[in-house]
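Below you'll find the structure, written out as structure tokens, and then a few comments.
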Amino acid sequence: MERTDPAAANKTPDCAKPTDNSTADPRTDPARLPLLQLDEVKVHFTVQKGLFGAQTVRAVDGVTLSLQPGEVVAIVGESGSGKTTLGRASLGLVKPTAGHVRFDQQEISRFSAAQRKAFRRRAQAIFQDPFATIDPYMTIFESVAEPLVIHGIGTAAERKERVYAALRDVRLTPEEEIANRYPHTLSGGQRQRAGFARALVLQPDYILADEPVSMVDASSRAELLYLLRELRDRRGITFLYITHDIATARHFAHRIAVMYLGRVVEEGPAGQIVDQPLHPYTKALIAAVPEPNPENRRQTRPVLQGEPPDPSHVPSGCPFHPRCPAVMAGVCAKAVPPLREIAPGQWVACFLFDGQK
Ligand code: SF4
């Protein structure tokens, strides 16, 4: 089945195989409506490139995705795949060139001022660099309390209690001491936790987490991932988790969508995508994950051939064909492969699977 009609696109995929996250999977009621829906979203930019004049960058080129309440969907891909632009479109931070972004069944581009303000309370972001949200000249208390002040929530005493509760939630304790400190006195992991606290203090329903653990060291990364999992399970927050690291996506997400040059090339339950990848690009991403077993340290890992993708020069046909180890002459450069359901809940855009399903 090709993903052509929105109803099919919005269906909740079956979890045919239990994954690490299957026990925490919130999608128990198929009648629940998605919290966030992206339908055929395109984001194209025009850029000036030296002698070549204006060029169109197809950062996102027709992505359809839906997130159920409490669901975590990871968008995985290299730099230039369009994953960050897609995340920003989900928050209304960039305007799609075409397609629809709906939050709670409402088109976000048509929000009234009051609806937009309510959306800003319910939808938050965590970025790679905590200084994107935390002011270096404000104390941690002031930074975390600022969204409450902006939205006029609570008395001073109530705000203080909510800030302290958010700091405890992200294990920044003793909270009274941490609250009075400035960001430069904290470690990188603690600063990122303060960014999480700022996003959590408004008790959002949806969080865009854009590479939230990639700037911290390995031990802080593991702690932050456990913290995100705990918040997911305890608070039932819906996350769009943007990452280049498919290993962390498996740890945190219910579902993974792999992006290449602005398109989703494979999507499905996280465990299924990592254990039984079908698309050659997904296989290459998984093969590149470092092997933690020291006995395998001398093993050479396959490296993706060719240049990283340039979204202003999308190849004809299957965009992955110049780098694909399984490319078929006379087939792959001629047309864009459609995203089709190849295994239960697993959607793949690749001509290798023509004739299946
Ligand atoms: Fe490779 Fe062809 Fe499949 Fe593209 S369609 S991923 S080039 S085999």
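Summarising the geometry, atom CD belonging to Gln68 is positioned 7.5 Å from atom CZ belonging to Arg255; distances are rounded to the nearest 0.5 Å. Remark: Lys117 NZ to Ile150 CD1 distance equals 9.5 Å, nearest 0.5 Å. With values rounded to the nearest 0.5 angstrom, Gln124 atom CD is found 7.0 Å from Ile207 atom CD1. Considering CD of Gln192 and CD1 of Ile134, their distance stands at 8.0 Å, rounded to 0.5 Å. Atom CE of residue Met259 and atom CG of residue Asp61 lie 9.0 Å apart, to the nearest 0.5 angstrom.
Aromatic pair His251/Tyr226: ring centres closer than 6.0 Å. Aromatic pair Tyr206/Phe239: centroids not less than 6.0 angstrom apart.
With respect to the salt-bridge test (charged N to carboxylate O, under 4.0 angstrom), the residues Glu142 and Arg198 do not qualify. Checked for salt-bridge contact, Glu176 and Arg181 miss the test: no charged N lies under 4.0 Å from a carboxylate O. The residues Glu78 and Lys83 are annotated as not salt-bridged, no charged nitrogen and carboxylate oxygen being separated by less than 4.0 angstrom. Salt bridge absent: Arg162 and Glu158 never bring a charged side-chain N and a carboxylate O closer than 4.0 Å. A salt bridge is absent between Arg88 and Asp210: the closest approach of a Lys/Arg side-chain nitrogen to an acidic carboxylate oxygen does not fall below 4.0 angstrom.
Linking Ile, Leu, Val, Met, Phe, Trp and Tyr whenever their side-chain heavy atoms come within less than 4.5 Å puts Leu186 and Val144 in one cluster. Under the 4.5 Å side-chain contact rule for hydrophobic residues, Leu38 and Phe119 share a cluster.
There is no side-chain donor-acceptor pair under 3.5 Å between Glu40 and His100. Side chains of Ser66 and Gln37: a donor-acceptor N/O pair is absent below 3.5 angstrom, by distance only. With no hydrogens or angles considered, no side-chain donor-acceptor pair links Tyr241 and Arg232 at under 3.5 Å.
Within 6.0 Å of CZ on Arg110 lie no more than 12 heavy atoms contributed by other residues, nucleotides or ligands.
Across every non-hydrogen atom of Leu36 and Ser90, the tightest pair is CD2-CB, 3.9 Å. Of all non-hydrogen atoms in Ala194 and Ile140, the two that sit nearest each other are CB-CD1, 4.0 Å.
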